[in-house]
Participant: 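The following block contains the structure, expressed as C-alpha cells.
For clarity, every value in this text was computed on a predicted model and none was experimentally measured. Each chain gets a letter, A, B and so on, in the order its sequence line appears, and its residues count up from 1.
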There are 2 protein chains.
Amino acid sequence: MRAHNLALVLQTVANSTNQPSRAAVSAATGLTRATVSALVDDLVSGGLLVEVDPPPRTGAGRPAVGLTLTSTGPAGLGLEINVDYLAACVVDLTGAVRQRFVEHADQRPADPAQALAALGALAARARLAAEADGLIVAGAALAVPGLVAGRGLVRVAPNLGWQDIDAVAELHRVPELADLPVTVDNEANLAALGELRVTGGDPTFLYISGEIGIGAGLVLDGELYRGVRGWSGEIGHVTVYPDGRPCRCGSRGCLEQYAGQEALESGEPLAAAALGIALSAVVNLLDVPVIVLGGAYAPIFERLREGIEAELRQRVLTSGLAPVALRPAALGADAAMRGAADAIIRAVREDPAGWLRRSSQRYV
Amino acid sequence: MRAHNLALVLQTVANSTNQPSRAAVSAATGLTRATVSALVDDLVSGGLLVEVDPPPRTGAGRPAVGLTLTSTGPAGLGLEINVDYLAACVVDLTGAVRQRFVEHADQRPADPAQALAALGALAARARLAAEADGLIVAGAALAVPGLVAGRGLVRVAPNLGWQDIDAVAELHRVPELADLPVTVDNEANLAALGELRVTGGDPTFLYISGEIGIGAGLVLDGELYRGVRGWSGEIGHVTVYPDGRPCRCGSRGCLEQYAGQEALESGEPLAAAALGIALSAVVNLLDVPVIVLGGAYAPIFERLREGIEAELRQRVLTSGLAPVALRPAALGADAAMRGAADAIIRAVREDPAGWLRRSSQRYV
DNA sequence: GCCAAATAATTCAACCACTAAACAATTTCG
DNA sequence: CGAAATTGTTTAGTGGTTGAATTATTTGGC
C-alpha cells in the first residue's frame, strides 16, 4: 500500500507541468496532506524528488515548497543496435537526455559478438560519463530490430543476420556493465514507448516504424502491449495483397514488400496504399484512434499522408463516426534508444519503493 | 486494501476446483489464516460464500470447512437481441445458468422499440423466476450485433437496421426492469467473455463470431479489450482482397464478403483462405496464441480448419517458432447471452466489497 | 506597523487491516 | 488413550492512513 502510494505521489509530481507543492499533490491524489508529507519526505531523502526553493507566489499564506524530479538520481541507459549504427544514451528521471553517443557503421559484416562488444564499449562510455555527472544508472535496455524471447535472447534479427543471440550475456562481458541489469526488446516496441513519453496526450496509439523491415509498437491505455510471447507488432508481414510479391519470410504480398525502405527508395507507387490497407486492419480490429509514423516514414510523412488517409476513409468501418488521427513521430532516429532509456526510468517511477529499498541497501 | 483482499479471496475460491478450506485459501493467497478467516466471515455473512459441511477427509487434524460460491446470492441477467431471436438468461455467482428463455422471431420487421419491449418482457420473466428462486439480480447486460457507444447507445446495428437507439432507456420502460443497472455491449465482445469463462485456461485469445456479419472479441491477459471508443473487433471489415468484391460498408474486399454467413451458405470456396488471411494479420500484430471460432463457424469448424491453418502457416511470421492454436467455441449460440450474464457476475466477483456495501444498504 | 486571514506543512492521537504467535478444537495414528 | 496433525480463532503488535490541532509564513486591511 505504501509502495502504491509512493508511486502515486511520484507520478503526480512527474506528470505535473509546474512544480507542485505537497498540498497540491494532496489535492490531486486525494490523500491527506499528512500522508503526502510523509511520502514526499521518503522520496526526497531517497533521492527521487528534490525541493525547489522559489515557488511561484500566489496570494496570501505560507509559501509552498515546489517539488520536482531529481536530475541527479537514477537514470536509464538506452542502447540500440541497428543495421547501420550503434547508439547509447542516458536519460535521467526527468526524461532529459544527459549523454548521447552514436556510431555509424554497417553492422552486417560484423559477427554478433563483435557488434555487441562495440556497443558495450559505447555503453560503458555513456555510463561512466553519466555517473561522473552525479547519476546512478539503474539499468539498461537494448533495442534490436528483431524478435526477442524472454531473458534477453534475440531469436531472429533478419536484417542483421542474427539468430539465437544471448545479447545480455554478451553485454555483460564488458567489465563496466557486468553489474548492470539489462533487458532486450524489439526496436519498434521501445520506439513506441519513447513516443508515448513525448506525446503525453494519447495513451492509446500504434507506432509504426519503417526501417529495412517494418515494425510496430502498440500502446494500449498507456501500456505497451508486447503479446503473450513478446512477438506483437509484426505489421511488416501483414498480408496486403494475398497473391502479391513473394517475401523473404516465405509468404506473399507482405506490407514490407510494398512499404519497406527498399520499396520506398525505388519509388514504389503502392506504398501509401499498402500502408493504408494494413493500418485499416489495425483500426478495425483495435479501434486505435491515433497512428504515429516513425522511422523512415517520419521525414516523408506529408507525401504518404493523403494516400494512407484515403484507404483509411474507405476501409475503416467507423471512419464516418470518428476519423483516425495520423501523425509523424516526434522523436526522430533516436526514438528507440530514447524509449529504451525511458523503459528503465519508467520502471523506477512505477515502483519507487523498490528503488528506495535497493538504494538504501547500497549504502549498508 | 481490504477491498482488494476480499476480491483476492473470492477469486481464489471461485477458481478452485474443489471446495477449499480457509487454510487452503490462506496458502494459495499468501495471506495469514487469521486474515483469511476475517475476510471469509465477511463474505459469508454478506451472502457471497457459503460453508459446506462435508469436506473431503484427508489425514489427521481438525476437519476443514469447505467454502464455495453461493447459489442464492447475486446473479447476472444476460440479454441478447439478434436478427432472428431474442434471448434472456440468468446466471448465478457459480456460473450456472438458472433461467433461460429464447424466442425465435425475425426482428428486422419490428421497429427497435417493439423489439426491445419484447426482449424486456422476456427479461422480466427471467428476473422474476430467478428471484423466486432466491437470487438477487445485480444487473443486466445486453448483447447487440452492432457498434455501441458509452452509456448504452447503439450507434449502428446494420443487420437489424438500427441507428442511434438508446437501448438502456427502452429496457427501463419495462416496470420490472426500471431499477436494474443495464449495460450494452457488442455481441462478439460478450461472446468472447463467455468463452473466457468456460475455457479457463487461455487468458489471451481472439474469439471470432460468424453471423450475418463477422465480429471478433479480443481477450488480452484475461481482460476484454474494447478499444478506446468500444469499437474494437470489427474483423468483418478487414480487407483481405484490396480490389475484391464491394461491401455494403462502402469498402472492397472485406472479410465479410468471403466468409460471412451468406457467403458460407452459397459455398464460397475462398472462405477459409479469407479467414486465414485476416487472422494472420491479427496474429502478426498481437501475437495471439489462440483463436476460437464461434457462431456459424463452430459447427463447420473441421471443414474450415485446414484452409485457415495453411494460411496461418504461410503468413504468420512466427508460425515456425510456435504454432497458433485453432479451436471451435465451447459455447454454442448461447455464447453472447452467457457472456453478458457473466459480465455482471464478473463485476461482483472483481469488487465484492462494492457488492457488500450495496447489499447492506438494501436492508437499512 | 500590527493583527487578521490565508495557505503550507508538521505533529499527534485514533483507527483500520494485516501479521505473528499462542491457543482451542477436532481429528488420525500408534 | 495420548501424541501428532491440522483447522480455525483469539490476542497483541505493527505499519500506514486519516482528521484535527498546531506551527510556520506570507498578504492585506486598518
Participant: In whole angstrom, what separates Q19(B)'s CD from dT7(D)'s P?
Facilitator: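 For the pair Q19(B) CD and dT7(D) P, the rounded distance is 16 Å.
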Participant: Quickly work out the D41(B) CG to dC18(C) C1' distance and round it to whole Å.
Facilitator: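 So the CG-C1' distance, D41(B) to dC18(C), works out to 15 Å.
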Participant: When you measure from the side chain of R22(B), which nucleotide among dT17(D), dA9(C), dT9(D) comes out closest?
Facilitator: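 Per side-chain heavy atoms of R22(B), the pick is dT9(D).
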Participant: Where each residue is assigned the nucleotide of DNA chain D containing its nearest heavy atom, which of R33(A) and R2(A) is assigned the position nearer the 5′ end?
Facilitator: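 Checking each residue's closest nucleotide, the 5'-ward one belongs to R2(A).
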Participant: dC18(C), OP1 or OP2 - any side-chain N/O from N5(B) closer than 4.0 Å?
Facilitator: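 Indeed, a polar side-chain atom of N5(B) lies that close.
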Participant: Working to the nearest 0.5 Å, report the span between CG of L10(A) and CG of L67(A).
Facilitator: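 Here the rounded value is 10.5 Å.
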Participant: Write down the distance between CG (L39(A)) and P (dT11(C)), rounded to a whole number of angstrom.
Facilitator: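 Going from CG in L39(A) over to P in dT11(C) covers 15 Å.
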Participant: Using a 4.0 Å heavy-atom cut-off across all strands, classify T32(B) as base, sugar-phosphate, or nothing.
Facilitator: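 Base contact - T32(B) has a heavy atom under 4.0 Å of at least one base atom.
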Participant: Roughly how many Å is it from CE in M1(A) to P in dT19(C), rounded to a whole number?
Facilitator: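 It works out to 13 Å between those atoms.
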Participant: When you measure from the side chain of S21(B), which nucleotide among dG8(D), dA8(C), dT19(C) comes out closest?
Facilitator: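 From the listed options, dG8(D) comes nearest.
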Participant: Any carboxylate oxygen within less than 4.0 angstrom of a Lys/Arg side-chain nitrogen, looking at R358(B) and D351(B)?
Facilitator: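 Here R358(B) does not pair with D351(B) in a salt bridge, since their nearest N and O are not under 4.0 Å apart.
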Participant: What residues, two or more places apart in sequence or in another chain, satisfy salt bridge (charged side-chain N to carboxylate O under 4.0 Å, His left out) together with D179(A)?
Facilitator: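 Residues passing salt bridge (charged side-chain N to carboxylate O under 4.0 Å, His left out) with D179(A): R127(A).
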Participant: Take the protein atom CG of D53(B) and the nucleotide atom C1' of dT26(C), then report the distance between them rounded to whole Å.
Facilitator: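 Whole-Å distance recorded here is 14 Å.
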Participant: If you check the R62(B) side chain, which of dA8(C), dA25(C), dT19(C) turns out closest?
Facilitator: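 Of all the options, the side chain of R62(B) is nearest to dA25(C).
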Participant: A60(B) side chain: which of dT27(C), dG8(D), dT18(D) is closest?
Facilitator: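 Closest nucleotide among those given: dT27(C).
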Participant: Of the options dT25(D), dA17(C), dT18(D), whose atoms approach the side-chain atoms of A34(A) most closely?
Facilitator: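 Nearest to the side-chain atoms of A34(A), counting from C-beta on, is dT18(D).
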Participant: Any carboxylate oxygen within less than 4.0 angstrom of a Lys/Arg side-chain nitrogen, looking at D185(B) and R226(B)?
Facilitator: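 Yes, D185(B) and R226(B) are salt-bridged.
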